[in-house]
Amino acid sequence: MNSHHACIVQRDFTILLETAHPQSEKARELILPFTELTKSPPAFHTYKITPLTLWSAAALGYSADEILSRLESVSRWNVPASLTQEIRQLIEKYGKLTLQTDARSEDFRLVSEDTDLLGEILAHPSLTAYELSRLSDTELKVLGKYRGLLKQELTRLGYPVMDLAGYKHGSPLSFQWRNTDSTLHNKPFELRDYQREAATAFEGKDGFGGSGILVLPCGAGKTIIGMAVMERLQTEVLILTSNTTSVRQWIREIEQKTTIPSASIGEYSGHSKEVKPVTVATYQIMTHRKSKESEFTHMKLFGERSWGLIIYDEVHLLPAPVFRATADIQATRRLGLTATLVREDGREEDVFSLIGPKRYELPWKELEQEGWIAEVNCNEVRVPMSDELKEAYMYAESRQKFRLAAENPAKVNVVKRLLALHPKVPALIIGQYVGQLKAMAKELGVPLITGATSEQERTRLYTAFREKEITVLVVSKVANFAVDLPDAALAIEISGSFGSRQEEAQRLGRILRPKEGDNRAYFYTLVSENTKEQDFALKRQLFLIEQGYEYHVTDEKEVASG
C-alpha cells in the first residue's frame, strides 16, 4: 500500500477518501473539479463521479488524461481499467455534438462527425417531437424554436451539446465604472484579480463563452462580477434574484459603482413594476399567476426589451417555470451566479443545458487563504432532550419527530452560553420555525425578522445591525439569501430544512465577509442528540465539508465550560 495515496478509487464511480491520511486535503483538492461528495462519515468520505461532473470539468478545460492522471496520483491501488475506459467515453461525449447557425435560414444545425450518433438521435422516440431532419451525413436541421428544449432533452439522454450558435447583441447601454466607490469612503474602486478572471472566463475564447455559471463563495462579490460582465458587454440587462432585499442591493451597487443613471435602473417586484435598460426582478414575481391554470403574469418580462444579457443570481434557486422561459431565449447571453450548484430538486442537468456549463469555480478555502473571506470555525453542538421530550419523540410520527427535535427548548440555554462565549460579536440566530424563533427572540430580548416582517422594518433592523446599534438578530430563512451584513461574525443555527446542503452553505455565507482584526468567524449548528435531526445535520454539512470545512462535534457541556 502506498503511504502517499489517500483514496480508494472504485469501479462503480465512487472514491473513498481516508480523512485521517496526511495527504487527504491535497487529494480532496485534486478530485474536487470532477466529483461530488455524497457521504461524510468520520473515517472515509465518499465522492461520486457522474456524467454531469465530468462534463462540467470538460467545460472548464479538463481533459480525460488530466482527470485520469489525478485519479492515479491519489489512488491507493491501480484505477480500475473499466472505470478508465468509461471516463474517457463520457469526456469524449462533451463536444461531440455542436449546435451551429445555418447561414441559409434562422434555423440551426446539429453537427457531429459521428454519423451513427446522429442516426441514433434521429431515431430516438423522445426526440421525434423536435422535427429533426437530415441535412447531410454530419448535420441535422434544428428549428429555431427548439434550440433550448432540444439541448435540455439531449443532455438528459446523455448527449451534451456544445452550443456555438452565438447570441444577439441586444440594445446598447453605454457606461463605465466610477473611479471611486462612495461605500468605501470614496476610495478608488478596483476589481480583485479573481473577479476579473471570472468575468473573462464567462466571455470565453474561440466563441465558446457567453453563457454559463460562475461558482464563488458568499462574500466573494458575485454582484461585482455580474457588473464586470455587464461592463464588458455594454448592453441592456435583465437581472433575476431571490428576493426584494437582494433586488435593492443590486440596484444600490450598480448606482454606487457605475455611471448608469438611476433613471435607467428599474425594480420589478411585488412593490414596483419598472422596466428600464437595467431591470432587476425577483424569481417570485416571475412565477406569479392568478391560479394554477392561469398563465404566468410577468413571464413576458423576458421579451419586454432587447436584453443583451440575463443574469440569474442564486441560480441554484431558479424555479421550474423559469427553466421553460429560459429554453425560449437561448439567443440571449445568460450568466448564472451561485455559491453552490447543488439543487435540492436534482435539476442540475437543466441548469447545465439551459443556462450553460460551469465557466469558473473558486474554492472557498482558496479565498480564505488570500484573506478575501473570513476564516470560519464550524461546530456541531449536540443538545440532550428532557425525559418528557424524549417520550413525546419516541411516539411521534417520522416528520413530527424531526420538528420536536429541532424545536428542543434546551437549545435556548445553549444559545445564551454561546453568546456569552463570544461577547460583543455581531451575531445571527437562524432557524426554520417561526414559533421557535419568536420564543428565542423574546427570551433573549432581541429583534426578530421573519417573512411577515415588512420590507421597511427589515431594512431598519438590517441598517441598525450594520451600524452596530444592535448586535444580535434572530432571523428566519428570509436571511438565507443575499442579505449583506458584513460585520456578522457569529451564526447560530437552531433549526433547518431537513438535509438542505444549499441552505447550510447560504447560512455560513452570512458570516463570510472579511473581518477586521483576526478575520475569524464562528458557525454553530445546534442539533438534538440521538435524533433524526442529527442524521439530517450530516446531509446538510456535505457541501461545506466538500469545500474543506471541518465540523467539530461537541456536546452542550463543553459549551458550558467554554
Side-chain angles (χ1 to χ4, degrees), residues 23-35 37 56-57 60-62 70 177 180-181 183-185 187-203 212-229 231-232 249 253 257 313-314 335-342 358-378 425-426 482-491 504-523 541 543-552:
Q23 296 294 319
S24 66
E25 188 58 28
K26 180 67 180 165
R28 188 190 62 76
E29 285 172 18
L30 285 169
I31 64 175
L32 196 57
F34 53 88
T35 63
L37 181 65
S56 292
L60 286 173
Y62 289 91
R70 287 182 175 218
W177 292 108
T180 59
D181 180 353
T183 60
L184 298 173
H185 308 293
K187 287 180 187 168
F189 168 70
E190 215 174 5
L191 289 174
R192 298 169 185 171
D193 287 347
Y194 70 83
Q195 291 170 336
R196 206 174 283 111
E197 281 169 19
T200 302
F202 174 75
E203 281 186 298
I213 318 291
L214 307 178
V215 183
L216 299 101
C218 306
K222 290 190 287 292
T223 309
I224 305 288
I225 294 165
M227 288 156 56
V229 172
E231 190 269 337
R232 290 174 184 219
Q249 280 178 200
E253 290 275 337
K257 293 183 172 65
D313 191 18
E314 313 276 13
L335 166 62
L337 298 169
T338 186
T340 163
L341 273 172
V342 167
K358 184 163 52 179
R359 298 283 178 202
Y360 183 85
E361 181 166 24
L362 188 60
W364 295 40
K365 283 290 179 178
E366 206 171 296
L367 267 191
E368 183 189 289
Q369 284 156 14
E370 298 287 321
W372 291 119
I373 59 176
E375 188 180 329
V376 184
N377 185 297
C378 295
V425 173
V483 176
D484 187 13
L485 300 171
D487 292 326
L490 169 62
E504 193 88 344
Q506 295 294 335
R507 287 178 171 182
L508 181 73
R510 297 305 109 227
I511 56 172
L512 278 182
R513 305 240 176 221
K515 314 285 178 251
E516 290 177 6
D518 64 0
N519 198 25
R520 290 190 75 83
Y522 303 88
F523 183 69
Q541 294 161 13
F543 174 74
L544 294 174
I545 291 169
E546 189 175 48
Q547 291 296 321
Y549 289 94
E550 195 178 323
Y551 281 76
H552 304 281

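All residue numbers in this chain count up from 1 along the given sequence.
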| request: Applying ring pair (Phe, Tyr, Trp, His ring centres under 6.0 Å), name anything that partners F543, two or more places apart in sequence or on another chain. | output: W364

| Under the ring pair (Phe, Tyr, Trp, His ring centres under 6.0 Å) test, residues paired with Y551 that sit two or more places apart | none

| field | Nearest heavy-atom neighbours spanning G548 and K365 | value | O-CE, 3.2 Å

| query | Which atom names give the shortest non-hydrogen contact between A505 and C218, and what distance separates them? | reply | O-SG, 4.1 Å

Quick check against the 3.5 Å criterion: does [X] have a side-chain atom that pairs as donor or acceptor with the backbone of [Y]?
X: R28; Y: E546; result: yes
X: K222; Y: V215; result: no
X: Y194; Y: L216; result: no

| field | side-chain contact (heavy atoms from CB on, under 4.5 Å) evaluation trace for E370 with R192 | value | CA-CA 11 Å; E370 298 287 321; R192 298 169 185 171; over 6 Å; no

Partners meeting side chain to side chain donor-acceptor pair (under 3.5 Å) with [X] (sequence neighbours left out):
X: E375; value: R520
X: E231; value: none
X: D487; value: K468
X: D193; value: R196

| request: Sort out for me which residue in D313, L214, I213 forms a side chain to side chain contact (heavy atoms under 4.5 Å, CB included) with T338. | output: I213

